There are 2 protein chains.
Amino acid sequence: MENPQHPPDSPGARPRRSHGRATLADVATHAGVTPMTVSRMLREPDRVAPETAQRIRQAIDDTGYSPNKQAGGLASGRSAIVAAIIPSVANSVFAETIQGLSDALQPAGLELFLAPNDYKLEREEDQLKTLLGWGPAAIAVTGRRHSPVALALMRQAKRAGTPVIQMWDLDARDTEFLQIGFNHHLVGVAMGEHLLACGYRDLAYVDSGVAEDFRAHERGQGLAQAARLAGAALQVLVAPPCEPMAAGRLALLKLMQQRLPRALAFANDHLAAGACLQALELGLALPDQLALLGYGDFPISQQLGRGISTMAAPRYQIGLATGQSILLALGRPLAEDQQVLDHGSLVPTLVVRNTTVAGAGINPANVAEGSSRD
Amino acid sequence: MENPQHPPDSPGARPRRSHGRATLADVATHAGVTPMTVSRMLREPDRVAPETAQRIRQAIDDTGYSPNKQAGGLASGRSAIVAAIIPSVANSVFAETIQGLSDALQPAGLELFLAPNDYKLEREEDQLKTLLGWGPAAIAVTGRRHSPVALALMRQAKRAGTPVIQMWDLDARDTEFLQIGFNHHLVGVAMGEHLLACGYRDLAYVDSGVAEDFRAHERGQGLAQAARLAGAALQVLVAPPCEPMAAGRLALLKLMQQRLPRALAFANDHLAAGACLQALELGLALPDQLALLGYGDFPISQQLGRGISTMAAPRYQIGLATGQSILLALGRPLAEDQQVLDHGSLVPTLVVRNTTVAGAGINPANVAEGSSRD
DNA sequence: ATGAAAGCGCTAACAT
DNA sequence: ATGTTAGCGCTTTCAT
């Protein structure tokens with residue numbers, strides 16, 4: 001039971017506490033010390049006498065105390081929040097990035113604030129404004145394209161000493177913010193070069209149906225550049241805005257109505273998988289009649305047919321590396337068991353399977369990695 | 001530039017502000033009013049004179065002010081945070097749930113704190129403790145199994161008036177916390193009954209390789225009960241702890257080494273998809289020689305072969321409904337454009353495709369829903 | 001319609 | 001090794 005005191009004479013003595021939670025002061029009373037000692041014990045245990053520490057620990061247990069992080073953050077000017085703006089969680093690409101980020105941050109006691117913007121660049125402004133209101137320890141955004149206002153907010157945060165990280169893209173000439181990712185144009189070029197090296201001279205790129213998936217567009221442009229330089233034909237098709245595998249099927253059907261190119265590159269593996277299924281069902285021989293090249297190296301690419309060739313994108317690693325960069329920028333130690341990721345390892349690598357090179361297919365039944373949880 | 005004042009005589013006048021951000025007071029000065037008026041204008045715009053409001057808006061723009069949420073939360077005792085503990089983000093099931101949660105909460109101005117626990121029940125305690133330190137407006141956890149300490153924390157939160165929601169499971173006899181989900185035992189029974197109704201009397205359940213995926217185990221038990229009541233044979237196999245599609249393949253191969261049952265049910269569609277691919281590659285006729293039944297209704301089930309039969313799980317809807325319940329419990333209005341989900345719609349439904357009933361297969365090429373973004 | 005005072009729970013800086 | 005004081009930026013309550 002609380003101890004309702006008589007209101008003193010002075011006009012402004014209005015107790016306001018409403019929640020029932022124990023505070024530092026409660027613990028202090030319980031342990032017979034001042035709040036300051038408890039606070040110290042929590043943050044610098046070495047600076048309190050062992051015996052006092054013991055009493056305080058006891059009091060903490062007795063009262064069920066857990067620190068009020070808002071109060072702590074306000075007082076210290078620091079906050080243990082990392083804010084991340086991503087296009088969508090319901091997309092294995094970013095879901096795994098989030099998981100990596102979380103895995104890096106949680107051991108360090110940093111909380112993750114998530115703001116999916118559904119690929120709407122415009123929403124980023126609001127999200128940044130709101131997130132900045134928490135005085136985050138760091139901010140991670142997706143990509144390098146931002147509205148002028150969003151950019152101004154990011155600059156303001158940077159000036160205030162908050163690390164700002166752009167994930168999933170990289171332009172070495174731009175050093176304004178930290179970047180954890182890779183150059184999508186170059187990946188597109190690499191995709192093109194692989195197809196050209198296989199001898200395919202009549203190419204198509206199937207872009208995702210998402211207008212603001214800039215990185216996919218850039219890969220397409222890289223591919224186009226490679227084709228142009230080699231004098232090969234390239235047409236670009238935008239997949240219909242439906243479920244990705246279905247979209248891949250439809251894209252293939254559409255191309256066949258006109259004239260099927262020799263090789264298709266896709267904005268992602270789901271599109272490629274759909275096209276692969278459709279091709280197999282139509283009796284097309286892969287890669288003899290039609291070559292397919294995906295992007296992402298999602299599990300399905302390993303399983304379908306004799307394996308879909310693809311560019312492996314370091315989904316989880318980008319999240320982990322982002323988290324590590326944040327800890328580094330904040331001068332915090334990484335968790336002991338964490339290897340520091342070499343940023344060179346964040347470059348996608350070509351995974352040649354059977355849809356571009358005959359006989360390159362792996363035996364999927366023997367592949368076992370990851371985990372089957374659901 | 002700041003205006004470094006001379007330290008007054010009194011010993012304790014130590015300015016501490018370190019960040020450069022504008023505060024309510026700055027805006028007030030700028031607008032020639034007191035902080036109180038600005039605060040009021042932000043929360044109850046009707047209570048300030050239109051002309052004053054205009055001046056304040058101007059001042060807010062000029063200063064680039066954004067409210068400090070920690071201070072606001074501390075002062076008001078409320079916080080605009082919803083904390084969610086989930087097994088993993090890198091799993092389309094929970095990723096879509098998160099997306100639904102976020103879609104419900106963002107319009108209401110609530111932030112989402114994410115804590116993936118990697119299917120480790122033990123970590124939930126720490127996560128709850130930390131999250132409670134933020135004085136969240138509500139807490140969402142996954143499932144109904146908790147350690148005693150975690151349970152105690154949840155009860156404490158509930159007593160303090162914080163809505164606590166258990167997602168993805170449901171037991172009508174237990175009314176301690178809000179539950180948004182369904183009974184997995186019954187889903188398992190329904191899966192069994194479908195297989196039995198198809199005339200299959202020799203069944204197997206392939207569980208996921210994740211020890212703490214209790215809901216999958218429960219579905220298996222429901223299936224077992226249905227089989228028992230019908231006098232049908234059932235064996236349970238635990239999939240190897242590897243990438244789910246590969247695990248599905250391996251599970252099928254393992255079963256074939258012994259004696260292949262007539263029908264297989266799986267803990268999730270990825271396992272089923274792996275088995276489906278393996279079966280097709282081995283030339284097994286589906287469903288004539290072997291029937292397969294998945295769980296989840298992931299996109300791949302629609303695409304593979306002539307469609308994999310499955311139980312459709314309302315992944316996104318559970319998140320959305322959780323968000324809506326939270327808003328409701330907090331007495332906040334839902335976003336205008338949001339339909340209130342009927343909780344009856346959260347029950348999985350059987351989707352009969354070609355792996356259990358011959359000729360039931362859809363034509364996947366005609367199916368187009370969702371979005372192909374990546 | 002606006003303002004003054006106090007306090008939310010904690011920590012930094014300065015004592016002792 | 002521990003305590004004292006003031007203040008983080010905001011909202012609440014009461015007053016004008």
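Lettering follows sequence order; numbering is per chain, from 1. What you see is a predicted model; the values in this text were computed from it and never measured.
- Sorted by first and then second residue, the salt bridge (Lys or Arg N to Asp or Glu O under 4.0 Å) pairs involving residues 38-50 of chain A (not counting sequence neighbours) are A:Glu44-A:Arg47.
- Comparing the end axes of the helix from C:dA1-D:dT16 to C:dT16-D:dA1, each fitted to five base pairs by superposing C1' atoms of four pairs onto the next four, gives an inter-axis angle of 30° (nearest 10 degrees).
- Atom CG in A:Leu74 sits about 7 Å away from atom P in D:dG9, given to the nearest Å.
- Spacing between atom CH2 of B:Trp134 and atom P of C:dG9 amounts to 16 Å, rounded to whole angstrom units.
- Within residues 36-66 of chain A, the residues having any heavy atom under 4.0 Å from DNA chain C are, by residue number, A:Met36, A:Ser39, A:Arg43, A:Tyr65.
- The phosphate of D:dC8 (OP1 or OP2) has no side-chain N or O of A:Arg78 nearer than 4.0 angstrom.
- With hydrogens and angles ignored, the 3.5 Å screen pairs a side-chain donor or acceptor of B:Gln127 with a backbone N or O of B:Pro116.
- Panel note: side chain A:Gln179, backbone A:Asp174; a donor-acceptor pair is recorded below 3.5 Å.
- Closest contact between the side chain of A:Thr34 and the listed nucleotides C:dG9, D:dG3, C:dT11 involves D:dG3.
- Of the possible polar contacts, one joining the B:Gln99 side chain to the A:Val89 backbone as a donor-acceptor pair under 3.5 Å is found.
- Rounded to whole Å, the distance from CG on B:Asn68 to C1' on D:dT11 is 12 Å.
- Annotation: ring pair (Phe, Tyr, Trp, His ring centres under 6.0 Å) contacts involving residues 124-145 of chain B, sequence neighbours excluded, comprise B:Phe113-B:Trp134.
- Straight-line distance from the CD atom of B:Gln70 to the C1' atom of D:dG7: 15 Å, rounded to whole Å.
- A:Thr142 contributes a side-chain N or O that, together with a main-chain N or O of A:Ile85, makes up a donor-acceptor pair within less than 3.5 Å.
- In terms of the side-chain hydrogen bond (donor to acceptor under 3.5 Å, both in side chains) criterion, residue partners of A:Glu124 (sequence neighbours excluded) are, by chain and number, A:His146.
- Within 4.0 Å (heavy atoms only), B:Pro35 reaches no atom of the nucleic acid at all.
- Residue pairs meeting the side-chain hydrogen bond (donor to acceptor under 3.5 Å, both in side chains) criterion with at least one member in residues 147-157 of chain A, sequence neighbours excluded, are A:Glu125-A:Ser147, A:Arg155-A:Glu176.
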